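Input: a single structure, listed below in structure tokens.
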Amino acid sequence: MNQDIKLLSRRDIAARIAADIPDGAYVNLGIGAPTEVANCLPDGVTIILHTENGLLGMGPSPPKGDEDEDLINAGKQFVTALPGAAYFHHADSFAMMRGGHLDYCVLGAYEVSVRGDLANWHTGANDAIPAVGGAMDLAIGAKSVFVMMDLLTKKGASKLVERCTSPLTGVACVKRVYTDHATFDITPEGVAARDLADGLSLAALQEICGVRLTGG
Amino acid sequence: MNQDIKLLSRRDIAARIAADIPDGAYVNLGIGAPTEVANCLPDGVTIILHTENGLLGMGPSPPKGDEDEDLINAGKQFVTALPGAAYFHHADSFAMMRGGHLDYCVLGAYEVSVRGDLANWHTGANDAIPAVGGAMDLAIGAKSVFVMMDLLTKKGASKLVERCTSPLTGVACVKRVYTDHATFDITPEGVAARDLADGLSLAALQEICGVRLTGG
Amino acid sequence: MNKICPSLQAAVADVPDGATVMIGGFGDAGVPFQLIDALIEQGAKDLTVISNNAGTGETGIAALIKNDRVKKIVCSFPRQANASAFDERYLAGRIALDLVPQGNLAERIRAAGAGIGAFYTPTAYGTPLADGKETREIAGRHYVLEYPLAADYAFIKAHKGDPLGNLVYRKTARNFGPVMATAAKCTVAQVTQVVGVGDLDPEAIVTPGIFVKRVIEVAPARC
Amino acid sequence: MNKICPSLQAAVADVPDGATVMIGGFGDAGVPFQLIDALIEQGAKDLTVISNNAGTGETGIAALIKNDRVKKIVCSFPRQANASAFDERYLAGRIALDLVPQGNLAERIRAAGAGIGAFYTPTAYGTPLADGKETREIAGRHYVLEYPLAADYAFIKAHKGDPLGNLVYRKTARNFGPVMATAAKCTVAQVTQVVGVGDLDPEAIVTPGIFVKRVIEVAPARC
């Protein structure tokens, strides 16, 4: 790795995503890194968080000692409900997602293809116990599906790929991929890279990820 | 008409239906004559009434002056809600019917065929403004669908027929037909007549209705 | 976020000619009469209306029809004893009617809001209202394939609403409001009372605010 | 009418071997732990369980699995960090798994309760979980045909219940309870508190009593 490239931290990536979400948006933040987006919203911007286990208007973690076993998020962590929140059952909650009512959904990924295919539920390993949860519903469950991930695996392989090798979660569903190297817009005309990390050229980025890119 | 035959009154028919509905049953009574069934329940029998416009636990008409414009039945008449009632929206209400959760539904009819086809929404007249309401949903909307009707039209034609001539409301959906002449069970083996009006023989009844009957 | 609308006029201002508009209500219960009046005043025409009824007397949808703003109505029960506007135009071929059984109407509206592409329903199988429709036998029962019904606007009436668009209804006036709210690009709720954020019990909210774009308070008429 | 059950034992007494049982809950919220414990004690085996998860630790469904009562589980997320009972049996081929995306699971359960024969859903299209399933393009979008999921029993947890079977839930413990209640021949609700008929607000009842056969009060455990 070129030492002059300043890759984005997880927090930096979350801040970029947060900057692209407008005030008043309805958003589902996937389990793990995407939850960081809620902590990076600019001043004056309020978004309304959906958790697919039946709550719109989710708030932050409760103070220690105030946990309520009946109030959790999709990651099964204790959360709170903000004023104006509403509870609903699972069929209604997933109807809300499937019906395209959420503005944004932010998810992690193993791989994203140049046409926006998403693989994030199963590594494809034969001995893995399969478990999908709401991943496939989330993949098609918002007007805009954003992916938040490091561009490379620990072994250095690009997770932005020509064609996913892991089992798919959804087909042509990802609109934008935010990574530590750059942000990628998935468009009908191809993948447009923008907001490249300091010190990273488009040519270098293209070499790293191995898929054809256009400038952002 | 043989003067020795004592046809049942509408109230008599309603009482027969009421006697066949067990305590605790969930029931939808169609618009018009079927509503009379609620007034004929034996002592100690409580049924829970569903009205498809979104109420389970419907009570009788309110006293004059206590009408609430937001509390009506499917016939758009003012009603009341009993303790333990619940309100729900139209999709949930018709899901309740379509899903087979109601025990009984009692409907009027223009015609019922020997295999239980029901015609009760449209006379077939060319100049009629069509309107179906919940008729087709009610026809398939209970574990047992009962019809309450006079056996004959005003012109003397049997409404229990080999094959309906009016447009159908539902196919093979009627289980039992209560009339002023007798009660008819629609079974896979044919139509079984029982509880004939006083003075009416099975042979005479068969001649009147013109379809093959077995004794009850 | 504040979805409270300053006026009925503002609530309906952008409805274009040719729009598809869902209108809540069953009989007179839950009908957003004032929104309909505002729509008549606004002047949009060639509307497709999706509603259970075609209005009673000369009010509500009947008034919209009488003003010749409706080119087509999708409903279960257009016929009303005391309403002649629809009947006259229908018999003269000046308004189209798509007659849908009430439960299929509700479920098709729900399907649009829930992202369901189509569904098999037992209602209307073997009847004239299933003529030409795809059917299928599943586990020994016969079904008709029905498609979603979506709209550009939904005008509904609720009891209370807050600035986030959360709604609760009142008694059987709830009827079609909650499903219509999910199936339109722009849902406008006429409410009897606007309350503050947090004033509605989150366990009892029937329509979460995500489904509602505009809330307009209309105090009940005094008799 | 009184659906209040005298004991947990009575509430589960008639579950036969081979029954299909829906069990509410997401994570630990809304899991009817005491009903599951009673079912383990009752002894029914060869069960097919429909639930979102396969239990955590050694409680709930994990305990049912550990006692070898489950031949098949239909769920979205069987894997739990601290639960080994399912993993061991699955890898040894001793328990069957039907993996269903969470939203399809909820919608298939709803369909069973709502009398829908099948429906087209966009979820899982083009993925391994749609392998072999019928697909269709409708209005430019791709869908998979999914069928209803019904059960003999539904064991759910609610917050309050009345003798008519009306239920309200608490916060995100609501999850699968309301749809499962509609999809089983016999729905048994474990509630934290039994209240009198008329004590629940009819506008806020989430599960109307028609869907519930038995209600059993289980006071919350004291820590």
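Computed from a predicted model, the values in this text were never measured in an experiment. Order of the sequence lines sets the chain letters (A, B, ...), proteins ahead of strands, with each chain counted from 1.
- Screening A:Asp195, A:Asp20, A:Thr183 for a side-chain hydrogen bond (donor to acceptor under 3.5 Å, both in side chains) with A:Tyr178, the sole residue that qualifies is A:Asp20.
- Ionic pairing of A:Asp185 and A:Arg194 is present here: one or more N-O contacts between side-chain nitrogen and carboxylate oxygen are shorter than 4.0 angstrom.
- A cation-pi geometry, defined here as NZ or CZ lying under 6.0 Å from the six-membered ring centre and within 45° of its normal, holds between A:Lys76 and D:Phe26.
- In this structure, A:His50 and A:Phe88 have parallel ring planes: the angle between them is below the 30° cut-off, well short of the 60° mark.
- Between D:Tyr125 and D:Tyr143, the gap from one ring centroid to the other reaches at least 6.0 Å.
- Electrostatic pairing of D:Arg108 and D:Glu146 counts as a salt bridge here, judged by a charged N lying under 4.0 Å from a carboxylate O.
- With chain D as partner, the option from A:Met136, A:Glu69, A:His90 having the largest number of non-hydrogen pairs under 4.5 angstrom is A:His90.
- Between chain D and the options A:Val79, A:Asp68, A:Leu71, heavy-atom pairs under 4.5 Å are most frequent for A:Asp68.
- Heavy atoms closer than 4.5 Å to chain D are found in both the backbone and the side chain of A:Tyr87.
- Using a 4.5 Å cut-off between heavy atoms, D:Leu97 touches chain A through its side chain atoms alone.
- Only one option out of A:Arg16, A:Arg11, A:Arg10 pairs with A:Glu36 in a salt bridge (charged side-chain N to carboxylate O under 4.0 Å, His left out); it is A:Arg11.
- Contact annotation: the side chain of A:Val27 never approaches that of A:Ile48 to less than 4.5 Å [non-hydrogen atoms, C-beta and beyond].
- Both the backbone and the side chain of D:Asn104 come within less than 4.5 Å of a heavy atom in chain A.
- Between chain D and the residues A:Gly133, A:Ala85, A:Ala74, the largest count of heavy-atom pairs under 4.5 Å involves A:Gly133.
- A salt bridge between D:Lys71 and D:Asp46 is absent, with no side-chain N of the basic residue lying under 4.0 Å from a carboxylate O of the acidic one.
- Neither the backbone nor the side chain of A:Asp117 comes within less than 4.5 Å of any heavy atom in chain D.
- Heavy-atom minimum distance, A:Asn120 versus A:Ala135: OD1-CB, 3.8 Å.
- Chain A forms more heavy-atom pairs under 4.5 Å with one residue of D:Ser76, D:Cys75, D:Gly126, D:Ala106 than with any other, namely D:Ser76.
- A salt bridge does not link D:Glu88 to D:Arg94: none of the charged side-chain nitrogens sits closer than 4.0 Å to a carboxylate oxygen.
- Between chain A and the options D:Ile109, D:Asp28, D:Leu129, D:Leu91, heavy-atom pairs under 4.5 Å are most frequent for D:Leu129.
- Chosen from A:Ile140, A:Ile129, A:Thr169, the residue pairing most often with chain D at heavy-atom distances under 4.5 Å is A:Ile129.
- Contacts between residues 168-180 of chain D and chain A, counted as heavy-atom pairs separated by less than 4.5 Å, involve D:Arg170, D:Lys171, D:Thr172, D:Ala173, D:Arg174, D:Asn175, D:Phe176, D:Pro178, D:Val179.
- More than 12 heavy-atom neighbours from other residues, nucleotides or ligands sit within 6.0 angstrom of CD on D:Glu217.
- The shortest non-hydrogen separation linking D:Gly209 to D:Lys3 is O-NZ, 2.8 Å.
- Heavy-atom pairs under 4.5 Å with chain A peak, among D:Thr56, D:Asn53, D:Thr121, at D:Asn53.
- Ranking A:Leu168, A:Val132, A:Asp92 against chain D, the residue ahead of the rest is A:Val132, based on heavy-atom pairs under 4.5 Å.
- For the set D:Gly103, D:Ala29, D:Gly27, the entry with the most heavy-atom pairs within less than 4.5 Å of chain A is D:Gly103.
- If you measure heavy-atom distances from A:Ser93 to chain D, you find no contacts under 4.5 Å at all.
- Between chain D and the residues A:Asn53, A:Val171, A:Thr51, the largest count of heavy-atom pairs under 4.5 Å involves A:Asn53.
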